[in-house]
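The next block holds one structure in the form of structure tokens; read it before the comments.
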Amino acid sequence: MSTLSSKYEPQAVEDKWYQYWLENNYFHAEPDPEKEPYSIVIPPPNVTGVLHMGHMLNNTIQDILIRKARMEGKQACWVPGTDHASIATEAKVVRMLREKGIKKSDLSRDEFIEHAWEWREKYGGIILEQLKKLGASCDWERTAFTMDEGYYKAVIRVFVDLYKKGYIYRGLRMINWDCEAQTALSNEEVIHKEDDEKSILYSVKYQIKDSDDFVVIATQRPETIMGDTAIAVNPKDERHQHLIGKKALVPFINREIPIIGDDYVELDFGTGCLKVTPAHDQNDYDIGQRHNLEVIDTINLDGTLNEKCEIPEYVGKDRFAVRKQIVKDLKAADLIVNEEEFITKIGRSERTNTVVEPKLSLQWFIKMIEISRQAHQAVMDDEVVLYPAKFKNTYNHWMENVRDWCISRQLWWGQRIPAYYYGDNEDDFVVAETESEAIELASTKTGRSIATKDLKQDEDVLDTWASSWLFPQAVFDGFNDDCFDVEKGQIIPGKNKDLDYFYPTNTLVTAPEILFFWVARMIIAGYEYTGKKPFKDVYLTGIVRDKQRRKMSKQLGNSPDPLDLIKEYGADGVRTGMLFSSPAGNDLLFDIKLCEQGRNFSNKIWNAFRLITNWEIDENASNPDNQFALNWFEARFNQALVELEDHFSKFRMSDALMTVYKLIWDDYCSWYLEMIKPPFGEKIDRKTFDATIKLQEKLMKVLHPFMPFLTEEIWQQIDDRNPEEAIIISKWPEPDSFDQILLDEANLAFEVVSNIRNLRNSNNLSPKEQLELKVVTKDKGAFKNSTSAIKKMANLSTLEFVDKKPDNCMSFVLQSGEFFVPITGEIDVEAQKTELQKELDYQRGFLNTVQKKLGNERFVNNAPEQVVAAERKKLADAEAKIKALEEQLKKLG
RNA sequence: GGGAUCUUAGCUCAGCUGGUUCAGAGCACCUGCCUUACAAGCAGGGGGUCACUGGUUCGAAUCCAGUAGGUCCCACCA
């Protein structure tokens with residue numbers, strides 16, 4: 001008996017084949033003019049990251065695309081890499097140091113960076129190693145890192161170039177400041193808790209200048225009163241219109257501030273009067289810009305108040321302490337007219353949980369409108385195609401309202417901004433790739449000799465996205481001295497073999513959350529630096545959620561460890577499990593059962609293969625009866641292949657997998673193999689065997705992108721008669737034309753078989769008991785090739801065509817005939833009758849609707865001829881069927 | 001508040017330019033089976049007013065309008 005286990009054991013083969021692929025360098029691709037290129041750049045995961053379910057989905061899809069392309073004979077190159085992820089990594093390093101008792105503030109910049117590199121050496125590779133377990137066929141020789149020396153230089157070069165082109169400027173901007181960690185936060189690091197954050201809204205009286213009247217404003221931050229530079233009301237507000245143009249006095253310090261009209265103010269919130277504190281609120285800042293208001297920053301970096309608040313007893317105290325204090329003082333002065341609780345969505349720092357302080361500071365920006373124009377148009381014109389298409393709208397909306405991009409971050413880990421200051425004025429700086437260039441530039445600019453010690457480089461680093469937006473060119477070293485023209489600020493074609501060949505890349509597979517952060521910006525950089533798009537298609541995956549639709553997250557603990565899953569179900573099982581429920585662009589509701597389904601599928605295939613390998617071959621025998629099965633499956637395969645290509649072309653990965661799944665499980669295993677399977681103990685003829693092996697091989701090929709390990713294992717076991725050395729580089733089957741008539745005949749045959757099986761079931765007849773079948777039909781041709789297959793599959797002793805309807809039979813009616821199975825034992829007449837009656841009722845109902853349609857003159861006159869003709873045929877068929885059913889019912893009494 | 005998008009079987013989803021692949025798939029469920037590849041399996045079966053209300057049309061799951069509900073993105077109420 002078999003030497004193969006009846007259970008497929010992925011653990012035993014996966015590492016072996018991955019190693020084999022690596023050793024043979026199958027993943028590596030060099031430019032080859034003979035071949036069509038196909039390239040993908042990975043969305044680089046955070047260098048500190050650990051593989052999660054989102055990565056699994058994302059990388060499975062990329063691997064499928066790249067493996068298919070490779071088999072199609074393209075030069076397939078999938079470039080892997082990691083992102084230095086400045087904020088996330090720096091936070092991790094800080095935490096790690098803290099655990100060792102080292103404070104970041106005690107370290108110099110260089111010392112800290114050194115620690116960060118150590119960290120990255122130690123943990124940076126983990127996620128890529130994990131990808132290997134998944135089977136990812138990345139070109140590891142090309143592994144990139146956004147802080148690699150060459151990449152670093154590219155980022156700096158681009159900064160300098162954009163500065164020279166006038167796209168980069170320095171400006172004031174309201175940022176999220178973490179007073180505890182003393183750093184700026186990106187919006188993503190600020191958590192807005194909606195639920196139970198309660199605050200008090202105070203109504204405070206401000207005296208109107210030169211009168212005894214007051215204006216009452218509402219605020220939840222009375223400690224910022226001293227930074228007020230205006231009071232705003234809505235110009236449409238009849239209650240307050242008359243105040244516009246007057247002046248009010250800030251409590252305690254009695255500074256005069258104007259009362260202005262601005263649409264921003266809501267009529268029905270608070271008192272309808274808003275105190276404007278441009279230094280400590282984004283909206284107030286915007287209002288300040290519109291009305292040229294002064295900005296008075298009363299809060300220090302650590303959250304205490306400074307001298308500008310003008311009240312000595314508040315200076316140096318924490319903002320929240322001052323809040324309590326000033327409320328007391330305002331009450332004492334009888335200036336608070338109302339207090340009410342309300343629920344606020346205050347922002348807190350993800351890291352320290354302190355309330356984020358909006359703060360104005362000088363930051364670096366990229367002007368976006370002009371530079372993004374072509375990238376905007378490219379997507380609108382489908383030059384770059386988004387899948388699913390609905391994201392085109394989102395993209396459009398964003399690009400139409402694009403805002404300048406703040407690219408500086410108050411961190412150390414990242415590309416340091418190459419601006420060098422030589423004086424105290426805001427404009428006393430130069431931007432240069434290197435310090436020596438900076439010295440030169442500064443000397444020229446100032447007309448005096450500037451030395452290293454006179455220069456101070458900007459302390460900030462660049463936003464991570466300001467490096468990863470160059471990924472598609474930078475991974476091919478597109479900004480090096482040879483191919484980057486510094487004068488033009490462009491990458492010159494013909495100077496970089498890799499870039500000339502692999503760029504533009506073909507497909508980008510990523511998450512919709514970063515459509516703007518990353519995808520849009522890559523398109524912008526692509527056009528800016530190469531004049532070309534960076535990729536043709538963008539496939540946006542969904543978010544992996546649990547069964548309750550909750551996002552998978554560490555905090556919730558609802559995310560399984562992908563490596564554990566791989567251990568349990570095999571990489572192939574997990575890959576297919578992810579894909580079973582992930583229609584393009586929809587969220588994926590992950591359920592462990594899907595991995596189980598994937599594993600079961602592996603096992604099914606394994607056992608089909610086991611069946612074949614156990615057959616003994618008779619070199620001399622021939623079995624013409626098998627020809628039908630062979631011809632049919634060939635046709636069916638080609639039909640499925642056309643379907644498969646269609647799904648692939650539309651990035652319907654889940655449907656593509658399902659096509660292969662059904663082809664293998666239903667068509668191949670349940671029908672084809674059962675049709676050609678020799679009776680127990682008998683040998684199979686050579687011709688059928690060889691043909692079957694060929695089919696198995698073809699099936700393994702179309703399955704390979706989805707299940708690389710299992711298919712390679714089977715391929716390698718099939719033996720060496722095949723000249724193709726490994727399935728990973730074997731040739732993808734070409735779709736061929738197929739015989740529809742043959743497929744129709746088979747479908748009819750299968751229906752007959754199913755009906756007979758059904759009769760067995762409902763009459764408790766064993767599948768082992770042989771039955772006879774008598775067929776009354778006008779169209780014997782419909783069974784021309786399939787009779788022996790029907791006999792075998794339905795376990796019939798005879799199948800004959802008769803003219804007269806036999807008695808004492810179970811029966812059923814199909815499109816072109818009536819089918820009778822003589823019965824020796826007891827038949828369940830009632831069951832038969834209900835079956836037939838049910839069918840009869842259905843047919844009569846159907847007939848009714850068709851008659852109605854055809855009775856409608858307007859239908860007959862207006863509908864296209866074929867539609868009417870089809871309707872007439874339906875009518876005739878239904879009438880014939882009804883007649884047959886009625887007769888059979890009559891016979892049963 | 002602005003925008004996008006969705007609502008089809010118990011669940012997750014297909015369903016292209018309105019008409020035979022128009023009511024589908026996978027899973028789940030039910031009934032028989034340990035039949036010599038596979039119980040991680042085999043055979044069979046039952047599930048749906050296509051969210052609701054109108055309209056256009058000879059004909060609507062499909063097109064239009066409105067209603068209800070869901071999801072996402074952006075901006076956020078001092």
Side-chain angles (χ1 to χ4, degrees), chain A residues 1-2 4 6-8 192 199 201-202 217-221 224 232 264-266 268-277 281-284 342 344-345 388 390-398 401 403 512-513 515-516 543 547 549 569 573 580-583 585-589 591 593-594 596-615 646 650 652 654-655 657-659 661-662 669-670 673-674 677 679-681 747 753-755 757-762 764 766-768 795 853 856-864 866-868 870-871 873-874:
Chain A
M1 201 50 232
S2 173
L4 299 177
S6 73
K7 299 266 184 285
Y8 171 60
H192 292 274
S199 180
L201 192 63
Y202 299 94
I217 57 90
T219 180
Q220 58 169 329
R221 299 202 61 194
T224 64
Y264 170 76
V265 184
E266 300 276 334
D268 52 3
F269 188 90
T271 61
C273 301
L274 170 73
K275 75 186 210 44
V276 184
T277 323
D281 184 280
Q282 177 67 51
N283 293 305
D284 290 13
F342 82 115
T344 180
K345 291 191 212 171
K390 66 177 174 186
F391 286 110
K392 201 168 152 180
N393 289 328
T394 322
Y395 183 91
N396 184 38
H397 189 247
W398 192 77
N401 301 291
R403 299 156 130 221
E513 296 112 278
L515 182 58
F516 310 127
I543 296 164
K547 271 196 284 186
R549 280 197 184 271
Y569 300 102
F580 275 133
S581 85
S582 68
N586 279 15
D587 286 355
L588 177 151
L589 270 59
D591 185 346
K593 276 193 166 161
L594 294 168
E596 226 170 272
Q597 194 186 345
R599 179 201 58 185
N600 294 356
F601 185 40
S602 312
N603 206 47
K604 181 72 185 175
I605 296 161
W606 182 248
N607 278 291
F609 176 62
R610 219 159 56 92
L611 171 71
I612 299 173
T613 48
N614 286 337
W615 282 334
D646 184 50
K650 292 168 184 155
R652 296 173 169 175
S654 197
D655 297 308
L657 171 63
M658 195 45 71
T659 297
Y661 181 82
K662 286 195 278 190
C669 294
S670 298
L673 287 179
E674 292 298 335
K677 185 161 99 179
F680 182 65
N747 287 338
V753 172
S754 290
N755 270 282
R757 285 172 176 170
N758 190 8
L759 288 183
R760 285 185 194 275
N761 258 341
S762 45
N764 283 323
S766 161
K768 286 178 184 166
N795 195 18
K853 235 183 199 179
N856 183 344
E857 261 177 59
R858 284 184 299 183
F859 170 73
V860 181
N861 294 336
N862 292 322
Q866 311 111 272
V867 176
V868 178
E871 225 50 41
K873 182 161 190 316
K874 276 195 230 172

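A note on names: the letters A, B, ... follow the listed sequences, proteins ahead of strands, and every chain is numbered from 1. Please read all numbers here as calculations on a predicted model, not as lab measurements.
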- For atom C1', what is the distance between B/rG15 and B/rC63, given to the nearest Å? 16 Å

- From the list B/rA28, B/rC76, B/rA78, which nucleotide is the closest neighbour of the side chain of A/K593? B/rA28

- Task: Give one of base, sugar-phosphate or nothing for A/E266, where a contact means two heavy atoms less than 4.0 Å apart.
- Result: base

- Message: Between A/E674 and A/K677, does any NZ, NE, NH1 or NH2 come within less than 4.0 Å of an OD or OE carboxylate oxygen?
- Response: yes

- Task: Could you tell me whether A/V276 contacts a base, only the sugar-phosphate backbone, or nothing, with contacts defined as non-hydrogen atoms closer than 4.0 Å?
- Result: nothing

- Message: Under 4.0 Å, heavy atoms only, any strand: does A/F601 hit a base, just the sugar-phosphate, or nothing?
- Response: nothing

- When all nucleic acid strands are considered with a 4.0 Å heavy-atom cut-off, which category describes A/Q597: base, sugar-phosphate, or nothing? sugar-phosphate

- Item | Taking every non-hydrogen atom, the tightest pair across A/A608 and A/L673 | CB-CD1, 3.8 Å

- Task: Please tell me which of the listed nucleotides, B/rC58, B/rG41, B/rA4, lies nearest to the side chain of A/T394?
- Result: B/rA4

- Would you kindly check whether a donor in the side chain of A/Q282 faces an acceptor in the base of B/rA78, or vice versa, at under 3.5 angstrom? no

- If you check the A/K390 side chain, which of B/rU5, B/rA78, B/rA43 turns out closest? B/rU5

- When we call it a touch if two heavy atoms are under 4.0 Å apart, what does A/G598 touch: a base, just sugar-phosphate, or nothing? nothing

- Item | Proximal nucleotide (of B/rG44, B/rA40, B/rU36) relative to the A/R757 side chain | B/rG44

- Name the nucleic acid region contacted by A/K662, choosing base, sugar-phosphate or nothing; use a 4.0 angstrom heavy-atom cut-off, strictly under. sugar-phosphate

- Classify the nucleic acid contact of A/D284 as base, sugar-phosphate or nothing, counting any heavy atom under 4.0 Å across all strands shown. nothing

- Which part of the nucleic acid does A/L589 contact within heavy-atom distance under 4.0 Å: base, sugar-phosphate only, or nothing? sugar-phosphate

- Query: Within the structure shown, what part of the strands sits under 4.0 Å from A/R599 by heavy-atom distance: base, sugar-phosphate, or nothing?
  - Reply: base

- Query: So what does A/N603 touch, heavy atoms closer than 4.0 Å: a base, only the sugar-phosphate, or nothing?
  - Reply: base

- Message: Using a 4.0 Å heavy-atom cut-off, does A/S670 contact any base of the nucleic acid, only the sugar-phosphate backbone, or nothing at all?
- Response: sugar-phosphate

- What does A/T271 touch in the nucleic acid at a heavy-atom separation under 4.0 angstrom: a base, only the sugar-phosphate, or nothing? nothing

- Message: Suppose we call a contact any N or O donor and acceptor under 3.5 Å apart; does that hold for the side chain of A/K604 and the base of B/rC38?
- Response: yes

- Secondary structure string for RNA chain B (Watson-Crick or G-U under 3.5 angstrom, | for other-strand pairs): (((((((..((((.....[....)))).(((((.......))))).....(((((..]....))))))))))))....

